[in-house]
Amino acid sequence: MSTRPIAIVGAGSIGVAWGLTFARGGRTVQLQDPDPARLAAVDGELRERLAALDRHGLLEEPPAAIAARVAVVAALDEAVADALHVQECAPERRDLKRELFARLDAAAPPDCSLASSSSFLPASAFAAELPGRARCLVAHPGNPPHLLPAVELVPAPFTDPGVVDRLATLLEAVGMSAVRLRREVDGFVFNRLQGALLREAYDLVRDDVIGVEDLDRVVRDGLGRRWAVVGPFETADLNTRGGIAAHAERMGPAYARMGAERGQDDPWPPDLVADVEAQRRARLPLERWDERVAWRDERLMAVAAALEDPAGDDHA
């Protein structure tokens, strides 16, 4: 494994969390920001987060050993000069990212991958004109990335697939769960799914179906617990004997009606259901369905035990 450092450009909350993630995975990190005040705050923020992880038994090394792998650097060129990978964490502004990626492309080694933590802007919006555009993409994490391992790798049409492969390998090696999107789409997948739920939540409150706290309880005590173990497709697959095809046959019309109430004409046609079913059966043959249901229930019990709070509700 290469010993070249990881450069984090932007020392805000996401940047510090990325630095912690790579350092926790054994990599040396050079964390850069043009604001001296931000750089001065990094050490304290890093040690505070590491101490919290240590309290929960989530570190395999002493916090100080991990913190020692992170260096703060004021100059951009110095931070990326010998980097294996650059993770950009600047504000969500197209003009800023365009200027920043031009500087990164000029300063970073030719074999260094350049990824943005952007939540919405695709790489084609700020890197399309660069000589080294083939090494540019989005690596969008959940917030905070040191606690949520999912990271979306979103290549632009011009991104070299080999760059995506190498970055996925690097991220998996430091404990992240690298998810590859097949093409750019506005908001990527994380925020499109999050946005769909949030839009419906606002509509239900607007329509006086439920209050804000009770809606949060439905997600926190129901959907959220389940989704900590299985995603929406596996949920549907395991909730109906016969798998996801049986679920779509029984529940599809009801979901289509609910969508139509919101002006969405997007039922699940047979060919789409067949595609989803084929992907699920490749992961889980129906003869193992009972075994997987039992596994899900065991994991849900583990989540329930972890969330048990003897002191009662600590919600402020």
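Sequential numbering from 1 along the given sequence is applied to the chain's residues. Keep in mind that this is a model prediction, so the values were computed, not measured.
One finds the CG atom of Leu147 at 6.0 Å from the CG atom of Leu53 (value rounded to the nearest 0.5 Å). The OH atom of Tyr255 sits 13.0 Å away from atom CG of Asp266, with the distance rounded to the nearest 0.5 Å.
Pairing each heavy atom of Cys136 with each of Thr159, the nearest pair is O-OG1, 2.7 Å. Between Leu204 and Arg262, the shortest heavy-atom distance links the atoms CD2-NH2, 3.9 Å. Taking each heavy atom of Ser124 and Ala128 in turn, the nearest pair found is O-CB, 3.5 Å. Across all non-hydrogen atoms, the minimal contact from Leu153 to Pro155 is O-CD, 3.4 Å. Nearest heavy atom pair, residue Ala125 against residue Arg94, reads CB-NH1, 3.1 Å. Heavy atoms only, all atoms of each residue included: Met176 and Pro149 are closest at CE-O, 3.2 Å.
No donor-acceptor pair under 3.5 Å is formed between the side chain of Gln87 and the backbone N or O of Ala7. Judged by distance alone, the side chain of Arg27 and the main-chain N or O of Arg4 form a donor-acceptor pair under 3.5 Å. Checking side-chain atoms of Lys97 against main-chain N and O of Glu92 turns up no donor-acceptor pair under 3.5 Å. For the pair Trp268 (side chain) and Glu249 (backbone), a donor-acceptor distance under 3.5 Å is absent. A donor-acceptor pair under 3.5 Å is absent between the side-chain atoms of Arg180 and the main chain of Val154, judged by distance alone. Listed for the Asp35 side chain is a donor-acceptor partner under 3.5 Å among the backbone atoms of Ala37. The main-chain N or O of Ala246 is never found under 3.5 Å from a side-chain atom of Arg241 such that the two would form a donor-acceptor pair. Of the possible polar contacts, one joining the Arg281 side chain to the Leu284 backbone as a donor-acceptor pair under 3.5 Å is found. In this structure a side-chain-to-backbone donor-acceptor pair under 3.5 Å is missing from Asp111 to Leu84.
Hydrophobic clustering of Ile, Leu, Val, Met, Phe, Trp and Tyr side chains at less than 4.5 Å, counting indirect connections, keeps Phe126 apart from Phe158. Leu167 and Phe101 fall into different hydrophobic clusters, defined by Ile, Leu, Val, Met, Phe, Trp and Tyr side-chain heavy atoms under 4.5 Å apart, directly or through other members. Under the 4.5 Å side-chain contact rule for hydrophobic residues, Val212 and Leu197 do not share a cluster. Under the 4.5 Å side-chain contact rule for hydrophobic residues, Val151 and Val138 do not share a cluster. In the hydrophobic clustering of ILVMFWY residues, with side-chain heavy atoms under 4.5 Å counting as a link, Leu104 and Val163 come out apart.
For the pair Asp216 and Asp221, the minimum side-chain heavy-atom distance is 4.5 Å or more. In this structure, Ile6 and Gln30 have side chains that are not in contact, with every pair of non-hydrogen atoms separated by 4.5 Å or more.
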Query raised in the report: Yes or no on side chain to side chain contact (heavy atoms under 4.5 Å, CB included) for Leu46 and Leu31, after CA distance, side-chain angles and deciding distance?
Result: CA-CA 11 Å; Leu46 185 65; Leu31 185 52; over 6 Å; no

Query raised in the report: So Arg133 and Asp105, salt bridge (charged side-chain N to carboxylate O under 4.0 Å, His left out) or not? Walk me through it.
Result: CA-CA 8 Å; Arg133 66 181 190 167; Asp105 192 36; over 6 Å; no

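Of the candidates Asp290, Ile244, Val293, Val229, Val293 is the only one forming a side-chain contact (heavy atoms from CB on, under 4.5 Å) with Leu238. Tested against Asn239, the residues Arg296, Glu234, His247 include a single side chain to side chain donor-acceptor pair (under 3.5 Å) partner, Arg296.
For the 3.5 Å distance criterion, the side chains of His85 and Ser113 qualify, holding a donor opposite an acceptor.
Using the six-membered ring where Trp is involved, His140 and Phe190 have ring planes that are perpendicular, over 60° apart on the 30 and 60° scheme.
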Could you list the donor-acceptor pairs under 3.5 angstrom formed by side chains in residues 8-18, with sequence neighbours left out?
unit_1: Ser13; atom_1: OG; unit_2: Arg49; atom_2: NH2; d: 3.2
unit_1: Trp18; atom_1: NE1; unit_2: Ser117; atom_2: OG; d: 3.1

Show me the donor-acceptor pairs, under 3.5 Å and distance only, between side chains in residues 58-76 and residues at least two apart or in other chains.
unit_1: Glu61; atom_1: OE1; unit_2: Arg69; atom_2: NH2; d: 2.6
unit_1: Glu61; atom_1: OE2; unit_2: Arg69; atom_2: NH1; d: 3.1
unit_1: Glu61; atom_1: OE2; unit_2: Arg69; atom_2: NH2; d: 2.9
unit_1: Arg69; atom_1: NH1; unit_2: Ala23; atom_2: O; d: 2.7

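Leu223 meets the side-chain contact (heavy atoms from CB on, under 4.5 Å) test with Val219, Arg226, Trp227; sequence neighbours excluded.
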